[in-house]
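Quick notes on the structure that follows.
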Amino acid sequence: MFPLAFSHGDSALLALLLATGLLLLAVSQFVRIPYPIVLVLGGALLAFVPGAPHVHLNPDLVLVAVLPPLLYGGAFFTSLRELRANVKAIATLAVGLVLVTMVAVAVVAHAVVGLGWAESFVLGAIVAPTDPTASSAIAERLGLPTRLVALIEGESLVNDGTALVAYRFAVAAVVTGTFSLFDASWHFVVNVAGGIAVGLVVGYLIRQLRRRLDDPPVEIAIALLSGYLGYLPAQALGVSGVLAAVTVGIYMGFHTPELTTVQTRLQGQAVWEIVFLLLNGLLFALVGLQLPTILDALSGRSTIELIGYAAIVSAVVVGARIAWLLATYVLSRLNWRMRMDDPAPSWQAKAVIAWSGMRGAVSLAAALALPLTTDAGKGFPDRSLIIFLTFGVIFATLVGQGLTLGPLIRVLDLDDGGIGEHEEAEARIRAAEAALERLEELAAEDWVRDDTAERMRGLYGFRQERFRSRHDPDADGVAEERSQNYQRLRRELLDAERLAVTELRREGRIGDDVMRRVVRDLDLEDARLDV
């Protein structure tokens, strides 16, 4: 069975779908709106175009085929230092807030929407976790301070494990009609610990393999498969595949610099950027395209009633997050130890985090994965309604919060004081110092000419001076101005070189492969001008 099937349509409609997706990605760049928002809006609009395909999304497409590389990639590029620094804050959001949100949604769904208690907890577990891809894509695009981005990413990477374990037990309660709090608590601990353990073992094995390789395409292919190598064994063992994939990503992100060559790192960075873009595009476009199928299953209910229920559940999800962050802010003001450990101590930072709880593909996949029947042979109670309410929460948080998060950040004038720039300047200065120390060790070698060594001393000395001026807010900026003028001149000359090489190719005097090699070297030199 294919994970994605069209109930009608032909290759022309498929071509239209692909072309529309590419157009939406391009539009997101022009309108300066994070592309997940543009894609889900465009997907929803496309679904109502006459003749548009009705897409039936198999949950395996997201849970197995798409999520592992996204989880691995997101974790790979997450700072381990920031995760360690924010471990308490991430734990309170990824565990405490998830459980509070699940309970709050369950209470309202039972009292207002009329779902049974078990079905209400299923819905609560589905909409409790923030989406790792949506949160990262939007937070980075809007230029949040580094520490807040790390906190939001860390929360979204970890809370999936909490919510999906709770989801599993809530679904089992509906299907079997029984529930044991003791068994659920015990299995929760096993799932979390087991997922992390599998991730560490797989990460260690991948590290040992890549240590023995020196082939960029093979190493990049292994990196792309690493998420699956953690996720699938964990799922087979009955523990959290999400946490396994995340753990492999964090582990390999920490160790990869010592395992790879310059060429592998350059190529791998480009490949991951493309993979992220394509997979995110697929996910968020498919989220929008689910709407007609969901509405068809709820044709017996009034539109106003459905929209009202979706709005209420969405408000509870957003309100629970705001209340949780407000409570932690008040407690941190009353407890100086909490205040010292808080990665987001200001009320402005709390406000941004409170408004950053976008839901996405994880919630959608969990809703669509609900079984069709119970053990008693009856249909899963209110399955279509749960799926619709999930879509409503995704749409409200992703579009509503995603579009307003940027203005909120600008109004609050949130700034991290240039911590990232200061740390980068410090790293550049130390790197230049290490190069000069090594140069003095090599200066006596026969193959190092005196004029070459002197030129290198001047180069690294100027680099130190330039980045010290960035590090020191009271610097006069002369070194930076000289550097900018040099970069402008150097880029003019590199443009001339590229033009000359492409002209040789146009005249047929060199082949395309030669042109690409030379231009790539010129591009790398251009990219390094700022260092």
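Note: hydrogens, waters and symmetry copies are ignored here, and every other heavy atom, side chains too, is used.
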Test side chain to side chain donor-acceptor pair (under 3.5 Å) applied to Arg359 and Thr397, step by step | CA-CA 6 Å; Arg359 270 63 176 177; Thr397 56; 5.7 Å; no
(request) Carefully, step by step, assess Leu205 and Leu209 under the rule side chain to side chain contact (heavy atoms under 4.5 Å, CB included). (result) CA-CA 6 Å; Leu205 295 176; Leu209 173 62; over 6 Å; no
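With contacts defined as side-chain heavy-atom distances shorter than 4.5 Å, the pair Glu437/Tyr460 does not qualify. Counting heavy atoms from C-beta outward, Met515 and Thr502 have side chains that approach closer than 4.5 Å. Two residues are said to be in side-chain contact when any heavy atoms from C-beta on lie closer than 4.5 Å; Leu266 and Arg520 meet this criterion. Residues Arg488 and Gln484 fail the side-chain proximity criterion, which asks for heavy atoms closer than 4.5 Å. Using a 4.5 Å heavy-atom threshold, the side chains of Val248 and Leu229 count as separate. Between Gln401 and Leu408 there is no side-chain heavy-atom pair separated by less than 4.5 Å. Under the 4.5 Å side-chain criterion, counting only non-hydrogen atoms from C-beta, Glu219 is not in contact with Gln263. You'll find the side chain of Val362 reaches within 4.5 Å of the side chain of Leu67, heavy atoms only.
When each of Leu151, Asn86, Thr130, Thr162 is paired with Leu93, the side-chain contact (heavy atoms from CB on, under 4.5 Å) condition holds for Leu151 and for no other.
Between Phe77 and Trp272, the ring-plane angle classifies as perpendicular under the 30° and 60° cut-offs.
Here Arg455 contributes atom CZ and Thr452 contributes atom OG1; the two are 4.5 Å apart, rounded to the nearest 0.5 Å. Here Leu364 contributes atom CG and Leu398 contributes atom CG; the two are 11.5 Å apart, rounded to the nearest 0.5 Å.
Ion pair Arg468/Glu433 flagged as a salt bridge, since at least one NZ, NE, NH1 or NH2 atom sits closer than 4.0 Å to an Asp/Glu carboxylate oxygen. For Arg498 and Asp495, the salt-bridge test passes: some basic side-chain N is under 4.0 Å from an acidic carboxylate O. Taking a cutoff of 4.0 Å between a charged side-chain nitrogen and a carboxylate oxygen, Glu503 and Arg509 do not qualify as a salt bridge.
More than 12 heavy atoms of other residues, nucleotides or ligands sit less than 6.0 Å from atom CG of Asp512. Around atom CZ of Arg449, no more than 12 heavy atoms belonging to other residues, nucleotides or ligands sit under 6.0 Å away.
Residue pairs meeting the ring pair (Phe, Tyr, Trp, His ring centres under 6.0 Å) criterion with at least one partner in residues 245-266, sequence neighbours excluded, are Tyr251-His255. Screening residues 231-249 for salt bridge (Lys or Arg N to Asp or Glu O under 4.0 Å) gives no qualifying pairs among residues at least two apart or on separate chains.
Here the closest non-hydrogen pair linking Leu71 and Ala245 is CB-CB, 4.3 Å.
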